[in-house]
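For reference, positions follow the sequence shown, starting with 1.
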Amino acid sequence: MSKTLEVAMTPEPGYVMIGDSAELFFTKISEHGGNLSLPCERLGVNPAKMWSDDEADDFPVTGYAVETLLEVVAKMGTEWDCQVSFLPNYHSALYAATKQKIVDVAYCPFLVDAQQSYCGPEPPSATQIPGCPVYNESVTWQTATPLDACCASFNYPMMVNSVGGLVSRADNEIGQSSTLDLATLAEASNLLAWLMVIVIILGNFVWLVEKATPETNPFSSSYVTGVFSAIWA
């Protein structure tokens, strides 16, 4: 028996796009009355169900969030599929999931904040967080405001990031190499040498300034030992 995960998403550059454009996605959503609904078989760089020639302007629906959603659903098992409602803004997607419950999850790069997580109808006394309005059936994702989109459970971060760099793993089509040439190595060595000279000069300056006040001088009166300590101070 097949199961369908209902998802709400919102266009965002790099995360949810048509081709390389989030603006084009917003235009398509507007043309469909504010909700462009697509099965997951139409999503991704290489969708399971390809777009026809007259639908080429809608292809491909891709981005970091789209591709990771497809990976998540694939790992849920072969009995699972998904249907995505692309809505015009984050609070509409969040409201559709948390209050209206017409989708199972809002899968967007949300900035998690206290207001969106808070569930109490009255503002907490110790903070500036507004209360979370009680669900009103007359309010839909089309009419909801950012204050209505609350009481959300942000279960898992979409992206865990740390300081990192991009490196070339192999020669690419334009001939760039992951190895360092001698000119680049010489330039880097020259830069490091000048950096060392500047640090030593600053160390000497700090040592001389502190030496002028021996009663508070934290460094050794010996030149080599004192300058070395000043460099690392």
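In this structure, the side chains of L70 and E67 come closer than 4.5 Å at one or more pairs of heavy atoms. Between P130 and P123 the shortest side-chain heavy-atom distance does not fall below 4.5 Å. Contact check for I231 versus I200: side-chain heavy atoms found under the 4.5 Å cut-off. Considering only heavy atoms from C-beta on, Q115 comes within 4.5 Å of C150 through its side chain. Using a 4.5 Å heavy-atom cutoff, the side chains of M9 and Y15 are not in contact. Between V16 and Y107, every side-chain heavy-atom pair lies at or beyond the 4.5 Å cut-off.
Between the CD1 atom in I29 and the CD1 atom in I18 there is a gap of 8.0 Å [rounded to 0.5 Å]. Taking CG of N35 as the reference point, atom CH2 of W141 lies at 4.5 Å (rounded to 0.5 Å). L5 CG to Q83 CD: the interatomic distance, rounded to the nearest 0.5 Å, is 10.5 Å. A distance of 11.5 Å separates OG1 in T27 from CG in L36, rounded to the nearest 0.5 Å. Of the inter-residue distances, the one linking F205 atom CZ with E210 atom CD reads 10.0 Å to the nearest 0.5 angstrom. How far CZ of F219 is from CG of L208: 11.5 Å, rounded to the nearest 0.5 Å.
Surrounding CE of M76 are more than 12 heavy atoms belonging to other residues, nucleotides or ligands, all under 6.0 Å away. Around the CD atom of E187, the shell of radius 6.0 Å holds no more than 12 heavy atoms that belong to other residues, nucleotides or ligands. Atom CD of E79 sits in a crowded spot, with more than 12 heavy atoms from other residues, nucleotides or ligands closer than 6.0 Å. Surrounding CG of D20 are at most 12 heavy atoms belonging to other residues, nucleotides or ligands under 6.0 Å away. The neighbour count for D54 CG, taken as heavy atoms of other residues, nucleotides or ligands under 6.0 Å away, is above 12. Around atom CG of N190, more than 12 heavy atoms belonging to other residues, nucleotides or ligands sit under 6.0 Å away. Enclosure of atom CD in E31 by more than 12 non-hydrogen atoms of other residues, nucleotides or ligands within 6.0 angstrom is indicated.
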#### Entry: Step-by-step side-chain contact (heavy atoms from CB on, under 4.5 Å) determination, V72 to W80
CA-CA 10 Å; V72 169; W80 279 96; over 6 Å; no
### Query
Do E6 and S85 pass the side chain to side chain donor-acceptor pair (under 3.5 Å) test, and can you show the C-alpha distance, the side-chain angles, and the key distance before you say yes or no?
CA-CA 8 Å; E6 297 288 343; S85 295; 5.2 Å; no
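In terms of modelled atom types and a separation under 3.5 Å, the side chain of W207 and the main chain of S220 share a donor-acceptor contact. Checked by atom type and distance alone, the side chain of H91 pairs as donor or acceptor with a backbone atom of A144 at under 3.5 Å. Judged purely by atom type and a 3.5 angstrom limit, S21 has no side-chain atom pairing as donor or acceptor with the backbone of M17. Judged by distance alone, with hydrogens and angles left aside, the side-chain atoms of K101 form a donor-acceptor pair with the main-chain N or O of T98 at under 3.5 Å. Judged by distance alone, with hydrogens and angles left aside, the side-chain atoms of S189 form a donor-acceptor pair with the main-chain N or O of L185 at under 3.5 Å.
Residues T143 and V139 approach most closely at OG1-CA, 3.7 Å, considering heavy atoms. Across G44 and P60, no two heavy atoms sit closer than the pair O-CB, 3.7 Å. A pairwise comparison of heavy atoms in G203 and V227 identifies C-CG1, 4.2 Å as the closest pair. Minimum heavy-atom separation, D148 to P133: OD1-CG, 3.6 Å. Of all non-hydrogen atoms in I129 and A114, the two that sit nearest each other are CD1-CB, 3.3 Å. Here the shortest heavy-atom pairing between V103 and A8 reads CG2-CB, 3.9 Å.
Using a 4.5 Å cut-off between side-chain heavy atoms of Ile, Leu, Val, Met, Phe, Trp and Tyr, with links allowed through other members, V45 and L69 fall into different hydrophobic clusters. A continuous path of ILVMFWY side-chain contacts below 4.5 Å connects I102 to L87, so both sit in one hydrophobic cluster. Under the 4.5 Å side-chain heavy-atom criterion for Ile, Leu, Val, Met, Phe, Trp and Tyr, V84 and V61 are members of the same hydrophobic cluster. By the criterion of side-chain heavy atoms lying less than 4.5 angstrom apart, applied directly or through intervening Ile, Leu, Val, Met, Phe, Trp or Tyr residues, V105 is grouped together with L43 in one hydrophobic cluster. Residues V7 and V73 are members of one and the same hydrophobic cluster, defined by side-chain heavy-atom contacts under 4.5 angstrom among Ile, Leu, Val, Met, Phe, Trp and Tyr.
In the model, Q100 has no side-chain atom that pairs as donor or acceptor with a side-chain atom of T140 under 3.5 Å. No side-chain donor from either of Y64 and E12 sits under 3.5 Å from a side-chain acceptor of the other.
C119 does not pair with C132 as a disulfide, the SG atoms being 2.5 Å or more apart.
In this structure, Y135 and Y95 have tilted ring planes: the angle between them lies in the 30° to 60° band. Taking the six-membered ring where tryptophan is involved, the planes of F25 and F86 are tilted, since the angle between them lies from 30° to 60°.
Each salt bridge (Lys or Arg N to Asp or Glu O under 4.0 Å) pair with one or both residues in residues 39-52, not counting sequence neighbours, appears once here: R42-E55.
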